[in-house]
Participant: 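I have a structure I would like to understand better, so I am pasting it below and will then ask my questions one at a time.
Computed from a prediction, not measured in an experiment: that's the story for all the values here. For this chain, numbers begin at 1 and follow the sequence in order.
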Amino acid sequence: MATFLYSIGRFAFRRRRFVALVWVALLALAGFGAATASTATSNSFSIPGTEAQRAFDLLEERYPEQTADGASARVVFKAPDGEKITAPENAAEVSGIVKELKGGSDQIASISDPFSKEAPAVSRDGTTAYTTVQYDVSSFELTEETRDSLESAGDDARERGMTVEIGGDALMVMPETGITEVIGVVVAGIVLVVTFGSLVAAGLPLITALIGVGIGVSTITALASVMDLGSTTATLAMMIGLAVGIDYALFIVSRYRAELAEGREREEAAGRAVGTAGSAVVFAGLTVVIALAGLAVVNIPILTKMGVAAAGTVVLAVLVAITLIPAFLGFAGERIVSRKDRKARKAAAEQAAATGEVLVGDTPRDNGGTRWARFVQRRPVMVLLAGVIGLGVIAIPASSLEMGLPDDGAQPTSSSPRKAYDLLSDGFGPGFNGPLVGAVDLKGSDDQDAVLKRITGEIQKNDHVVAVTPPMPNQAGDTAMFQVIPKDRPNSAETEALVHDIRELGDKIKAEDGAEVFVTGATAMNIDFSQKMNDALLPYLALVVGLAFLLLMVVFRSILVPLKAALGFLLSVVAALGAVVAVFQWGWLGGLFGVEQPGPIMSVMPILMVGVVFGLAMDYEVFLVTRMREAYVHGESPSQAITTGFRHGARVVTAAAVIMIAVFAGFIGSTEQMIKMIGFGLAIAVFFDAFVVRMAIVPAVLALLGRHAWWLPRWLDRALPDFDVEGDKLRKKLDESVAEGGEGKEEREAVSV
């Protein structure tokens with residue numbers, strides 16, 4: 001592996017114009033595809049294998065005219081204080097708005113009359129009413145004129161004191177991340193400048209990461225319509241791709257500068273940097289890809305697409321790191337090193353020339369990493385206990401985790417959808433915003449009227465039910481559909497219990513009559529989705545951790561090091577979940593992070609955090625510990641190897657973690673609750689894993705284990721493939737080449753860069 005990547009690094013350095021041209025061409029091609037692709041017209045969501053999905057499929061088959069994929073909106077009206085919405089002047093105002101909406105767009109399929117005698121939509125106290133607008137196209141296909149007509153509905157009525165708010169998905173737009181995303185990239189640039197002391201060295205990781213992300217996100221945009229990719233897919237891919245792209249470039253550039261400091265020529269330094277650090281990047285990237293692509297085992301299409309798309313951007317980041325980075329290093333020349341270091345090396349070279357000494361590179365110096373490593377090795381038990389207990393305390397809120405999917409009730413209180421949601425809840429009851437949809441397959445029933453009457457009667461007796469609408473049969477008469485209005489809010493435990501009660505009733509009905517009863521709707525979908533996430537978490541965790549454990553065992557030639565890496569990850573991800581629960585569910589410091597309405601944690605959050613954080617955690621593990629393994633293989637004692645690993649890796653890992661935290665934290669400013677939560681969760685998880693687990697717990701455990709940390713049974717050592725990640729075979733090959741007077745002979749001479 002190291003020898004192959006060494007050749008790639010040298011080739012890319014020599015043929016830098018060709019390599020750069022290829023990547024620029026790929027970026028242009030992807031950009032052209034994104035610019036010319038049709039807009040994604042669907043944001044479908046399905047949960048295969050669940051009762052809610054089976055019910056939805058049944059209704060789609062038997063009620064095709066009522067299960068269209070078009071957007072919908074709900075316009076809610078509330079009379080001025082002390083008045084009724086049914087008062088003649090207010091009723092006339094509402095009817096005028098409904099008429100205005102009908103004439104404002106030719107994309108409207110239907111619009112309800114709030115004062116219809118057949119199905120009135122007026123609250124019991126007479127103060128609130130609503131109309132439902134159904135469009136014949138998706139929200140992405142609505143014209144600006146249609147949106148403007150909907151948004152301006154009721155402007156005159158508002159001026160006269162009536163409250164008019166709009167909910168639904170018709171006004172759904174791409175989520176905005178705000179200025180904080182830009183701030184995250186700026187912070188990354190500052191960290192790189194401080195780390196390298198050179199604007200060129202700092203700019204290179206940013207530019208290459210943006211190229212990789214540009215290609216990845218443009219490709220996702222180009223394929224969005226064909227593959228039915230949601231807006232969150234591109235956002236997650238950009239988030240992950242930008243973070244790992246900067247990190248991988250940072251790691252290779254740092255190793256390149258270290259090779260220069262040892263006296264290598266620039267092309268040779270590029271080859272060795274890609275051969276050694278590039279090997280770590282490849283394996284680190286593989287762990288991230290395994291974790292993201294492994295989301296497919298959950299068998300939820302939207303999650304699979306998000307994982308595969310993000311994994312694709314990681315693959316691009318790895319390819320950019322091992323090809324475009326060495327090419328750009330060729331363009332950078334001497335400017336990749338700070339001016340101060342160039343002057344120091346030039347002076348050292350002049351002094352060596354004057355005295356006749358051979359310049360073989362810089363003498364290793366102590367830095368913050370070595371001092372910290374020695375401190376941890378002096379007090380390993382104290383550091384280990386402090387890290388484990390600290391993260392354990394932060395993880396406590398995770399035991400109170402409640403999961404659900406966000407609806408308009410999770411929107412900012414200042415938004416119109418949230419106001420519409422609250423008006424409906426106040427006027428019609430908390431459960432009105434989450435009605436359950438019942439579907440009855442009557443093909444196996446002998447007495448259809450009697451069974452329908454029994455079903456609705458039994459449901460109406462439930463203490464958590466406000467109302468059950470009369471069953472509506474389809475044209476064939478083999479299916480009936482009805483609605484159940486819960487008494488409690490959609491994401492409450494009482495509503496979840498109601499869903500299970502109806503399904504238990506359905507089992508009894510099927511056994512006695514043959515009719516099948518299903519429950520679907522957004523609330524039931526939410527419950528089934530959360531349950532499926534819970535059921536899939538442990539198998540997914542076992543798959544990802546198991547595969548990565550085997551991969552790390554190959555990399556480190558050890559059993560205990562990968563085991564320690566996996567256990568450390570579990571500690572950091574549970575602590576991160578605890579922090580997410582404290583902020584987004586309990587509301588602690590919610591105002592600081594823009595959380596206006598605490599509530600259940602999104603069902604996708606735990607499994608997504610496991611996937612993403614595990615991959616990123618293994619990045620730091622590989623970056624830091626491979627350098628220790630390299631030093632140990634080359635003859636250093638276990639304690640010396642830890643110090644050497646921190647001498648070369650601590651600053652890089654620290655910078656990489658700060659950059660990744662900045663990038664993820666930038667998404668906390670998103671207007672989309674899901675993106676905000678993901679950004680916060682990943683940022684805090686990276687903080688815990690990088691600074692507590694990898695920088696404190698890892699060296700403490702290695703110090704306690706000593707030589708046992710690198711133990712591997714001989715039979716297993718022979719059975720495992722050797723990819724030479726630490727570059728030992730590469731170094732021997734190059735040393736032999738030097739001894740024979742071949743390629744690399746010039747390395748014995750003094751080199752000034």
Participant: Grab the two heavy atoms, one from L150 and one from I166, that are nearest each other, plus how far apart they are.
Facilitator: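 Smallest interatomic distance, heavy atoms only, reads O-CD1, 2.9 Å.
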Participant: Donor-acceptor pair, distance only, cut-off 3.5 Å: does the side chain of S603 make one with the backbone of F529?
Facilitator: no
Participant: Between R503 and V517, is there a side-chain heavy-atom distance shorter than 4.5 Å?
Facilitator: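 Not touching, per the 4.5 Å side-chain cut-off.
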Participant: How many angstroms lie between CZ in F614 and CG in L547, if you round to the nearest 0.5 Å?
Facilitator: 9.0 Å
Participant: Would you compute the distance between atom CG of L58 and atom CZ of R54 and round it to the nearest 0.5 angstrom?
Facilitator: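 Interatomic distance, L58 CG to R54 CZ, rounded to 0.5 Å: 10.5 Å.
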Participant: Hey, is the main chain of A55 close enough, under 3.5 Å, to the side chain of T520 for a donor-acceptor pair?
Facilitator: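 Pair absent, no side-chain N/O of T520 close to backbone of A55.
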Participant: What heavy-atom pair brings A662 and V187 nearest, and what distance separates the two atoms?
Facilitator: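 That closest heavy-atom pairing would be CB-CG1, 3.6 Å.
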Participant: Just how far is it from atom NE2 of H464 to atom OG1 of T495, taken to the nearest 0.5 Å?
Facilitator: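 Reported to 0.5 Å precision, the distance equals 8.5 Å.
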Participant: Restricting to non-hydrogen atoms, name the atom on L242 and the atom on V213 that form the minimum distance, rounded to 0.1 Å.
Facilitator: N-CG2, 3.2 Å
Participant: What I'd like to find out is whether the side chain of I300 reaches to under 4.5 Å of the side chain of M533, using heavy atoms alone.
Facilitator: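 A side-chain contact exists here, since the closest heavy-atom pair is under 4.5 Å.
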Participant: Search all heavy atoms of A311 against all heavy atoms of A293 and return the closest pair with its distance.
Facilitator: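 Scanning both residues, the minimum pair turns out to be CB-N, 4.3 Å.
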Participant: State, with a plain yes or no, whether a side-chain heavy atom of L624 is found less than 4.5 Å away from one of Y620.
Facilitator: no
Participant: Start with the C-alpha gap between M403 and N534, add the side-chain angles, then the distance that decides, and say whether side chain to side chain contact (heavy atoms under 4.5 Å, CB included) holds.
Facilitator: CA-CA 9 Å; M403 295 197 296; N534 279 332; 2.7 Å; yes
Participant: I'd like to know if K564 pairs up with E621 as an ion pair, taking the criterion as any Lys NZ or Arg NE/NH1/NH2 lying under 4.0 Å from an Asp or Glu carboxylate oxygen.
Facilitator: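 Answer for the salt bridge query: yes.
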Participant: Counting only N and O atoms by type, is there a donor-acceptor contact under 3.5 Å from the side chain of K487 to the main-chain atoms of V466?
Facilitator: no
Participant: Under a 4.5 Å cut-off applied to non-hydrogen side-chain atoms, are F688 and V693 in contact?
Facilitator: no
Participant: Can you tell me if E402 uses its side chain to pair, donor with acceptor, with the backbone of Q585 under 3.5 Å?
Facilitator: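 Not at all, since once roles are kept as given, no pair shorter than 3.5 Å links the two residues.
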Participant: What's the spacing between N462 CG and L498 CG if we round to 0.5 Å?
Facilitator: 5.0 Å
Participant: Fit a plane to each ring of F623 and F251, take the angle between them on a 0 to 90° scale, and name the class: parallel (under 30°), tilted (30 to 60°) or perpendicular (over 60°).
Facilitator: parallel
Participant: Check whether any side-chain heavy atom of L295 sits under 4.5 Å from a side-chain heavy atom of L608, and report yes or no.
Facilitator: yes
Participant: Can you list the steps and then say if I485 with V465 is a side chain to side chain contact (heavy atoms under 4.5 Å, CB included)?
Facilitator: CA-CA 6 Å; I485 307 300; V465 172; over 6 Å; no
Participant: Has S492 got a side-chain atom pairing as donor or acceptor with D488's backbone, closer than 3.5 angstrom?
Facilitator: no
Participant: Taking all non-hydrogen atoms of both residues, which atom of A439 and which atom of F482 are closest, and how far apart?
Facilitator: N-CE2, 4.4 Å
Participant: Consider only side-chain N and O atoms of S218 and T221, and report whether a donor and an acceptor are under 3.5 Å apart.
Facilitator: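 Judged by distance alone, the side chains do not pair up.
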Participant: Could you check if a side-chain atom of V544 sits within less than 4.5 angstrom of a side-chain atom of Y540, using non-hydrogen atoms only?
Facilitator: yes
Participant: Say you draw a straight line from CG of L423 to CZ of F432; how long is it, rounded to the nearest 0.5 Å?
Facilitator: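 Reported to 0.5 Å precision, the distance equals 12.0 Å.
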Participant: Is the closest side-chain heavy-atom distance between V580 and M609 below 4.5 Å?
Facilitator: yes
Participant: Taking all atoms of both residues into account, what is the closest heavy-atom pair of L142 and A170, and its distance?
Facilitator: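 In this case the closest contact between L142 and A170 is CD1-O, 3.2 Å.
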Participant: Would you check if the side chain of D169 reaches a backbone N or O of A71 as a donor-acceptor pair within less than 3.5 Å?
Facilitator: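 Side chain of D169 to backbone of A71, a donor-acceptor pair under 3.5 Å: no, none is there.
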Participant: F584 vs F680, test: ring-ring contact (aromatic ring centres under 6.0 Å, His included). Steps then yes/no.
Facilitator: CA-CA 10 Å; F584 288 87; F680 173 83; 5.5 Å; yes
Participant: Going from OG1 on T219 to CG on L316, what distance comes out if it is rounded to the nearest 0.5 angstrom?
Facilitator: 7.0 Å
Participant: Stepwise, does the side chain to side chain contact (heavy atoms under 4.5 Å, CB included) test hold for F569 with R694?
Facilitator: CA-CA 9 Å; F569 150 73; R694 307 303 152 190; 3.9 Å; yes
Participant: Decide if the gap between the ring center of F664 and the ring center of F687 is smaller than 6.0 angstrom.
Facilitator: no
Participant: Is a side-chain donor-acceptor pair under 3.5 Å present for Q134 with S72?
Facilitator: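 The answer is no; no qualifying pair exists.
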Participant: Please evaluate residues F56 and M525 with respect to the criterion side chain to side chain contact (heavy atoms under 4.5 Å, CB included), reporting the C-alpha separation (whole Å), side-chain torsions for both, the decisive distance (0.1 Å), and the verdict.
Facilitator: CA-CA 9 Å; F56 181 82; M525 280 279 199; 4.2 Å; yes
Participant: Is it the case that the side chain of S572 and the backbone of D689 share a donor-acceptor pair, with hydrogens and angles ignored and the cut-off at 3.5 Å?
Facilitator: no
Participant: Flag the pair R62 / M481 as yes when at least one side-chain heavy-atom distance between them is below 4.5 Å, and no otherwise.
Facilitator: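 Not in contact.
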Participant: Keeping the roles fixed (side chain from K532, backbone from P48), state whether a donor-acceptor pair exists under 3.5 Å.
Facilitator: yes
Participant: For the side chain of Q53 and the backbone of I47, is there at least one donor-acceptor N/O pair under 3.5 Å apart?
Facilitator: yes
